Amino acid sequence: MCDENEFNNALKESNQELMNDPDTKDFGIYFDRMYGNRVSLWAYCHRKGLGVNCNMHLESMHKTIKYHYLNGCKVGRLDKSITTIRRYTRDKKVERIIKLTKGKTTTRIQEIKKRHNKSTLLDLTINQDNINNWSVESEYTPSQFYKIKKINDDVCCPMICSVCKLCIHTYQCSCPDDQIKSMICKHIHFVALKTTSTDNSEDITTLSAVDIENTNFDATVNNHNNEIQVHIKTLENKKTIYMQEQFKEKAISLANKINNITNNEHLQEALKKLNSIEAFIEATSNNDKTLIDFIKTINEPPNKKLKTQDTFFSTKKKKKTGKTQ
């Protein structure tokens, strides 16, 4: 229910029913005290465009850190907690790189493709109010029309439909699917397919089940490659900073231990080693090794089965051993 007036009327009627029934009167008082006076915090009609947000991802992250990284133990030290969180973010970056390399599509992308497929089978009445506004008939309630408005001409995010060439910010629809779930609904797909001028009817196609699983959007390939580069460089930088800190700690420790050496020969030998290390640092500090760009050369489906490895056998003839009597 996305209309505020309709929701307010329905809320008043439900409150009256709860108050008039002796069995539910206590609950009606509790509901009115706890929820009735702050409807804007939980009602969908006041949270349009925000999506159905919940804390499931946060709870999942907390469970993973608590039981997989801390083994269910409490940690009272701040440094250990920070180290654990850094390990968690590092592993998540690696998982993200693997998903991007395999070309795995997200659940939201798959839902967008399913709605596109459904829109190709619809035969609804569409009225164009003006240049960027349309009215589309509801599939299940023919007397109801949803308002669609075009608010952006460019694709500005990865959540796109590869056939309609639009993202979730291109159109806005008054249906619950778009208002509540922030999804490219079937009405938007229907308008996009009807209003797009195509020279070939094959441009309006239905994505197969294989496409839903394996197709990568052309508009997001470069973004994925750039994201992979960012993750790789971030992991590399963290490793470099960690090794630099280790080197500094070693250098400070050696400087404190040098007073314990009294033998001149030993001091001379240690000085030679330090001179060689200093020369190595000066030689390599100006020749930083650049990270080789990650190039995706093979685009294979993530669920492709592994090729059976060829079996090799020895060509050496076995010696025949005669039976001794």
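Residue numbers run from 1 in the order of the sequence given. These numbers were taken from a predicted model, which means no experiment stands behind them.
For the residue pair C161 and I112, the shortest heavy atom distance occurs at CB-CG2, 4.1 Å. Considering all non-hydrogen atoms of both residues, L193 and H116 come closest at CD2-CE1, 3.8 Å.
Side chain of W134 to backbone of N130: no donor-acceptor contact under 3.5 angstrom is found. A donor-acceptor distance shorter than 3.5 angstrom exists from the side chain of N275 to the backbone of L271, with no hydrogens or angles considered. No side-chain donor-acceptor contact under 3.5 Å links N133 to the backbone of D129. Checking side-chain atoms of S138 against main-chain N and O of Q144 turns up no donor-acceptor pair under 3.5 Å. Using modelled atom types, one side-chain atom of T84 and one backbone atom of K80 make a donor-acceptor pair closer than 3.5 Å.
Atoms OG and CD1, from S135 and I126 in turn, are 9.0 Å apart once rounded to the nearest 0.5 Å.
Residue-environment remark: CD1 (I131) stays at or below the threshold of 12 foreign heavy atoms within 6.0 Å. Residue-environment remark: OH (Y69) exceeds the threshold of 12 foreign heavy atoms within 6.0 Å.
Between H187 and Y146, the angle of the ring planes lies from 30° to 60°, which puts this pair in the tilted group.
D178 and Y171 are not linked by any side-chain donor-acceptor pair at a separation below 3.5 angstrom, with hydrogens and angles left out of the test. There is a side-chain donor-acceptor pair under 3.5 Å between T125 and E137.
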N8 vs N5, side chain to side chain donor-acceptor pair (under 3.5 Å): CA-CA, chis, key distance, verdict: CA-CA 5 Å; N8 292 330; N5 295 328; 4.7 Å; no
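K186 pairs with exactly one of L122, L121, L124, N117 by the side-chain contact (heavy atoms from CB on, under 4.5 Å) rule, that one being L122. Under the side-chain contact (heavy atoms from CB on, under 4.5 Å) test applied with E269, the options K273, E265, H266 reduce to a single match, K273.
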